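Since the model is a prediction, treat every value here as computed from it, not as a measurement. The figures here come from the full heavy-atom set of this structure, side chains too, leaving out hydrogens, waters and symmetry mates. Numbered from 1 within each chain, the chains take letters A, B, ... in sequence-line order.
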Number of protein chains: 2
Amino acid sequence: MSIENLSREKLLELFNEELRNFSTETIMFHQNVAEKLGLNSTDHKCLDIILQNYPMTAGKLAEMTGFTTGAVTGVIDRLEKASYVYRDKDPNDRRRVIIHVNLEKVEKEILPVFTSFSQSIRELFEKYNDQEIKFLFDFLVRSRAILREESKKLR
Amino acid sequence: MSIENLSREKLLELFNEELRNFSTETIMFHQNVAEKLGLNSTDHKCLDIILQNYPMTAGKLAEMTGFTTGAVTGVIDRLEKASYVYRDKDPNDRRRVIIHVNLEKVEKEILPVFTSFSQSIRELFEKYNDQEIKFLFDFLVRSRAILREESKKLR
DNA sequence: TATTTTATCTCACGAGATAAGATATTTATT
DNA sequence: AATAAATATCTTATCTCGTGAGATAAAATA
């Protein structure tokens with residue numbers, strides 16, 4: 001049975017299921033990346049956040065992840081031990097710990113893991129023109145807004 | 001700066017970032033659902049898999065999740081204690097443990113959590129005609145195939 | 001200066017995952 | 001049929017990591 005001949009209702013059902021599978025696959029991909037890097041999921045997620053926000057304080061990382069400061073200390077310990085990041089005291093406020101990224105290590109270890117993925121995604125993108133990309137982008141933005149809104153309602 | 005006037009390169013960058021944010025938000029949504037249900041992430045994920053595959057054996061769950069059989073025993077113990085599922089011996093092979101779902105409990109506890117979410121998704125869908133849904137569906141399928149393929153390469 | 005607040009770290013504890021091996025049952029071999 | 005091997009699940013010791021409470025050090029405030 002092709003997707004072409006489905007009723008609207010069936011189509012939406014199928015789409016919902018695909019969305020669900022997509023998110024499962026996304027989660028598994030991230031787990032596999034983490035494992036490949038020798039990091040647990042938590043540390044990988046934190047490193048991801050750090051890479052998008054460095055230099056940043058330990059407290060900011062705790063705030064953004066929802067972890068306790070004690071847990072964050074452990075995360076930074078492990079990431080520092082694996083030499084992905086290093087600590088530095090904030091000269092203006094010596095209570096603060098600034099997390100810096102060891103870019104050389106990141107580029108050497110992490111980029112290769114994503115090379116093949118990035119390439120495949122690029123190839124996929126090539127199938128779409130600008131207008132289509134914008135259409136897909138808009139869908140993602142709307143969906144994400146729903147996810148965020150519904151997450152908030154659950155808390 | 002509107003998305004309308006971006007170069008192709010910038011557009012793809014933005015899209016990539018949105019994909020990344022989308023997956024982060026997805027993961028957080030699932031965590032929040034689990035918390036709302038009083039389950040840890042692992043148990044929630046497993047329950048999800050069970051719901052899509054029941055009745056199924058404990059071993060199959062171990063295989064599908066990648067957990068050890070020992071860990072799966074713990075998962076089923078907790079899900080059974082929370083009365084989402086129950087164990088049954090396979091009459092044809094009494095070594096096997098069949099996991100059954102307590103549908104009454106699932107409908108009572110889990111469906112309400114998704115009611116608002118489903119409603120919002122429905123409303124989003126109403127913005128799209130069948131052809132557009134199929135276009136989005138196709139994109140998700142292709143993206144998921146890439147995720148699956150790249151996950152495999154990492155192992 | 002003394003007090004309070006802030007940022008991070010330490011530590012005891014608990015949840016949950018693994019690895020190895022025990023147990024029960026089925027399948028294969030002689 | 002009896003014995004051995006394989007299979008499915010569970011048990012247990014051990015390890016990792018997150019939390020909560022409180023310690024420590026620096027900064028802000030009175």
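- Looking at B/R95, its side chain comes within 3.5 Å of the base of D/dT7 through a donor and an acceptor atom.
- Close to C/dG16, at under 4.0 Å from its OP1 or OP2, lies no side-chain N or O of B/T42.
- Between A/R78 and the phosphate of D/dG18, there is a side-chain N or O to OP1/OP2 separation shorter than 4.0 Å.
- In this structure, the ring of A/F139 has its center no less than 6.0 angstrom from the ring center of B/F135.
- Taking for each of B/V72 and A/T68 the nucleotide of DNA chain D with the nearest heavy atom, the 5'-most of the two is the partner of B/V72.
- Distance CG (A/D90) to P (D/dA28): 11 Å, rounded to an integer number of Å.
- B/A71 comes within contact range of at least one nucleobase, with a heavy-atom separation under 4.0 Å.
- When the C1' atom of C/dA7 is taken as reference, atom CG of A/N92 falls 15 Å away, rounded to whole Å.
- Counting only heavy atoms from C-beta on, A/T73 has its side chain closest to C/dT10 among C/dT10, C/dT26, D/dT9.
- Here the P atom of nucleotide D/dT7 and the CG atom of B/D93 are 12 Å apart, to the nearest Å.
- Using a 4.0 Å heavy-atom cutoff across all strands shown, B/G70 reaches at least one base atom of the nucleic acid.
- Atom NE2 of B/H44 is separated from atom P of C/dA15 by 21 Å (rounded to the nearest Å).
- Results of the side-chain contact (heavy atoms from CB on, under 4.5 Å) test with A/S151 over B/T26, B/V33, B/N32 single out B/N32 as the only residue that passes.
- The aromatic rings of A/H100 and A/Y86 lie parallel to each other, their planes meeting at an angle below 30°, with 60° marking the opposite boundary.
- Residue-to-nucleotide contacts include a donor-acceptor pair under 3.5 Å from the side chain of B/T69 to the base of D/dC10.
- Atom pair B/D88:CG and D/dA8:C1' shows a separation of 15 Å (rounding to whole Å applied).
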Stepwise side-chain contact (heavy atoms from CB on, under 4.5 Å) test for B/I133 and A/R8 = CA-CA 9 Å; B/I133 295 273; A/R8 173 91 183 168; 4.0 Å; yes
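- Residue B/L61 contributes atom CG, which lies 10 Å from atom P of D/dT9 at whole-angstrom precision.
- A/L39 has its CG atom 14 Å from the C1' atom of D/dT16, to the nearest Å.
- In this structure, B/R94 atom CZ and D/dT9 atom P are separated by 13 Å, rounded to whole Å.
- Contact between the side-chain N/O atoms of B/R87 and the OP1/OP2 oxygens of D/dC10 is found at a separation under 4.0 Å.
- Outside the 6.0 Å centre-distance limit, the rings of A/F15 and A/F22 are not counted as a close aromatic pair.
- For the OP1/OP2 pair of C/dA15 and a distance below 4.0 Å, the side-chain nitrogens and oxygens of B/N40 include no atom meeting the criterion.
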